[in-house]
J.: 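The following block contains the structure, expressed as C-alpha cells.
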Amino acid sequence: MFGNCADPGALDGLAWLGCYLTTGKHMSLYGSLGTVLLLLAITAPTALLFGFGGATAARSHVAPLRWFGKTYIAIVRGVPDIAFFLFFVIALDQGFEYIRHHVLCPEWPDTVRQGNDFVVCAQAKLPLGNSPQWVHETYGFLLAVLTFAIVFGAFAGNVLFGAMRAVPRAQLETAEAYGMTRGQVTRRVLIPQMWVYALPGLSNLWMVLIKATPLLFLLGVEDIVYWSRELGGAKQPQFTDYPHPDWRMWYFGALLVFYLCFTKVSEIVMDRLMARLTLGQATAGGEAQRRAGA
Amino acid sequence: MEDCLQTITDYGLRSIGIGERLLPRNDFTLCQQFTLIGSGMIWNIYFGTLALIAGFFLAVAVALGKASANPLIRKPAEWFIFVFRGSPLFIQFFFAYFLFLSLKGSYPIFSPLTSATFGALTVLFLNTAGYSAEIFYGALQSIPKGDTEAADAYGLTGWSKFRRVVYPTMLRLAWPAYTNEAIFLFHSTTLVFFAGFPAFQQKGDALYYARYFADKTFNPFVPYPILAGYFILLTLVIIAIFGWMNGRLNRHLPSATRARLRFRPQLIR
C-alpha cells in the first residue's frame, strides 16, 4: 500500500500498524463491510415488497389467497429464525435445481433424490459446473439475499398487516363516501396513511435486520465474521510478513463497535423520519407536534 | 419399534455425553433424527432457563439503575443496555469466546468460561438482562401516577414502597413483553454452537444435530421441520407457564381489565 511497507520487519509502532491494516486481506475485510451494506440495501426493499404482498394477500377477499398470506405471515413465529436461514438456503438451491432438472433434461431416467444424494443432470446444476468463481460467489450471495428477504418479508408482512388495520376506519369510510372504489380507497388513503403506524414496527425490523447480517457467515458467504476469524488468528513469522498472536478478540471487538455505531446512526435517522411522518397525523405524536408548533 | 426404543436408549442423552459415543453415520432413520434433535433440546432448555432466571435479577437492578436520577448510576445502566441491545448476539458470542480465551491465557481461573456450558451461558445471561432491563424500564416509566401517590399517602417510603407497590406493578405491566423476551431467548440459544463455542465431543444443541443431519443427508426437509416442531412445543410450554404467572400477577384486578398475554415475537437479536 505505502512505499515503506516493503519490509515490515523493520517497522514498529504505528507505522507497522498502518502497513498491517492495509494488506490485501484487510482490504477484503473492508470490502466485506460493503457486502453487509449491499445485503441490507437489497434485502430491505425486497423484504418490504414480500411483506407488502403477504399483508395484501392476508387481507384479500379470495379465501385461498388469504390463507396463503396468513400462513406466510404466521410461519416464522415460534421457530428460531436461524433454523429458517439454514433451511431455506439448501431448500431454495435444491428447489431451483429440481425445476431446472425437469425443464432441461426431461428424459433423465433416475429419480433426483437417491438415498443421501441429490442428483440432477449437469445442465441443471446451478451455477453450471464450468462457470467462473465469481458466478458461484454471486449465486451464493443472491441465495442468501433471497433467504433473508423471505424470512424478513414475513416479519414485515406482520407489521404491515397490523398497520393496515390501525388506519382509522373513519378515514376509509370518508373515502368510500366520496364514491371511491375498494382499490381506490386502498391506493389513495390506506397505503399513504398506514406508514405512520407501520414505522415503529419497521424501524424495529430494520434494527433486527442489521443485527441479523452476521448470520451471512452461516450461509457460506465470506463476510466480516469470516474475515475477522481468518485475520485475527495467530500468525507465525514463517508464513506471513506480519506475525502476531491471537488477535481475534480485538477483531470481534471492532465488529461490535461497528454494529453499535450502525445502530446508533439508524436510531437517529429513524427518529427524524418518524417526526416527518407524524406531521399532521391524528395521533398523540401528531397532536404533540401541533401543540409545540402553535 | 424395538429399534426405536434401542435408539432412544442409545441417543436420548447423547447431547450430555451419556450413551452411544459415535453419532449415526449412514442409513439415518426418522427415529434417530427425532431422538438426537430432542436430546439436543436439553441444552436449549438448560441455557434458556438458567439465563432467564439469573438475568431477571440483573435486569431489575439495571432497570432501576436506568431510572435513577444519579448520572453515576444511570449512565452505566444505559450503556449496558445499549451495548447488549445494539449489537448482534452472534458477534457478542464470538467476542466473548475470544475474550475468555485470552483471559484464560493469563488467568487459568477463567478456563471454565471457554466452554459453552458456562461461557455461552454468561453471554446469554448478560444479553437477556440487557433486553429485559429495557422492558422493565419501560414498565417503570408507565406505572400509573395514582399508584405511587397512594403509596406516599400511606406513608410508604424506600424499600417497602418499592416492594409493595412499585415492583409488583412494574412486573404486572412488563409481563406480556417479558414473555416474548423469554420465548425469544430460548430461540436464540440455538446460536450458541454456531458462534465460536465448540461442541465438545459432538455434544450440541438441537440445531447442531439438525444441521448435522441436513449436512449428511443433504435433505433439509426432514430435520428442520422436526426442530421446528420441538420449538413450537417449547414455545407453547413457555406461554402456558408465563400465562399462569400473568394470572397470578393480575389476580387482584377484575378479569375484564386484565392484560391479555399475546404472543408477539421480537424476531432475531
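Residue numbers start from 1 in every chain, and the chains themselves are labelled A, B, ... in the order their sequence lines are given, proteins ahead of strands.
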J.: Answer with side chain, backbone, both or neither: which region of B:Tyr97 has an atom nearer than 4.5 Å to a non-hydrogen atom of chain A?
T.: neither

J.: Taking atom CZ of A:Phe68 as the centre, report whether more than 12 heavy atoms of other residues, nucleotides or ligands fall under 6.0 Å from it.
T.: no

J.: Under a 4.5 Å cutoff for heavy-atom pairs, which residue among B:Leu233, B:Ile238, B:Val83, B:Leu227 has the most contacts with chain A?
T.: B:Val83

J.: In this structure, is the centre-to-centre distance between the rings of A:Tyr259 and A:Phe262 below 6.0 Å?
T.: no

J.: Mind checking which of residues 98-112 of chain B sit less than 4.5 Å from chain A, heavy atom to heavy atom?
T.: B:Phe98, B:Leu99, B:Leu101, B:Ser102

J.: Let's go through B:Thr117 and B:Trp43 carefully: what are the C-alpha distance in whole Å and the side-chain angles of both, what is the deciding distance for side chain to side chain contact (heavy atoms under 4.5 Å, CB included) to 0.1 Å, and is it a yes or a no?
T.: CA-CA 9 Å; B:Thr117 319; B:Trp43 280 109; 3.7 Å; yes

J.: Stepwise, does the ring pair (Phe, Tyr, Trp, His ring centres under 6.0 Å) test hold for A:Phe87 with B:Phe221?
T.: CA-CA 8 Å; A:Phe87 170 78; B:Phe221 297 97; 5.5 Å; yes

J.: Applying a heavy-atom distance below 4.5 Å, give me the residues of residues 263-274 of chain A that approach chain B, sorted by number.
T.: A:Thr263, A:Lys264

J.: Can you say whether the rings of B:Phe136 and B:Tyr178 are parallel (under 30°), tilted (30 to 60°) or perpendicular (over 60°)?
T.: tilted

J.: Determine whether A:Tyr139 and A:Asp93 satisfy the following criterion, side-chain hydrogen bond (donor to acceptor under 3.5 Å, both in side chains), listing intermediate values before the conclusion.
T.: CA-CA 10 Å; A:Tyr139 177 69; A:Asp93 188 31; 2.7 Å; yes

J.: Could you go through the ring pair (Phe, Tyr, Trp, His ring centres under 6.0 Å) check for A:Phe217 and A:Tyr226 one step at a time?
T.: CA-CA 6 Å; A:Phe217 171 67; A:Tyr226 171 85; 7.1 Å; no

J.: Compare all side-chain heavy atoms of A:Trp206 with those of A:Leu40 and state whether any distance is below 4.5 angstrom.
T.: yes

J.: Do you know which of A:Ile90, A:Leu256, A:Leu260 has the most heavy-atom pairs under 4.5 Å to chain B?
T.: A:Leu260

J.: Start with the C-alpha distance between B:Phe193 and B:Phe197, add both sets of side-chain angles, then the distance that settles ring pair (Phe, Tyr, Trp, His ring centres under 6.0 Å), and finish with yes or no.
T.: CA-CA 6 Å; B:Phe193 291 103; B:Phe197 288 99; 8.3 Å; no

J.: Which of residues 95-102 of chain A get closer than 4.5 angstrom to chain B, counting heavy atoms alone?
T.: none

J.: Check each atom of A:Phe88 against the heavy atoms of chain B and say whether the ones under 4.5 Å are side chain, backbone, both or neither.
T.: neither

J.: Are the side chains of A:Arg165 and A:Tyr197 in touch, meaning some heavy atoms are under 4.5 Å apart?
T.: no

J.: Checking heavy atoms, do the side chain of B:Leu207, its backbone, both or neither come under 4.5 Å from chain A?
T.: side chain

J.: For residues A:Leu48 and A:Leu202, determine if any side-chain heavy atom of one lies less than 4.5 Å from a side-chain heavy atom of the other.
T.: yes

J.: Any donor-acceptor pair under 3.5 Å linking the side-chain atoms of B:Tyr46 with those of B:Asp205?
T.: no

J.: ring-ring contact (aromatic ring centres under 6.0 Å, His included) with B:Phe95: which residues, sequence neighbours excluded?
T.: none

J.: Report yes if some heavy atom in the side chain of B:Val192 is under 4.5 Å from a heavy atom in the side chain of B:Leu124; otherwise report no.
T.: yes

J.: Would you mind telling me which of B:Leu234, B:Thr189, B:Thr190, B:Leu236 has the largest number of heavy-atom pairs within less than 4.5 Å of chain A?
T.: B:Thr190

J.: Could you check whether any side-chain heavy atom of A:Thr213 comes within less than 4.5 Å of a side-chain heavy atom of B:Pro88, counting everything from C-beta outward?
T.: no

J.: Quick one: does B:Ser87's side chain get under 4.5 Å of B:Gln92's, heavy atoms only?
T.: yes

J.: With a 4.5 angstrom heavy-atom cut-off, could you sort out which part of B:Phe194 is near chain A: side chain, backbone, both or neither?
T.: both

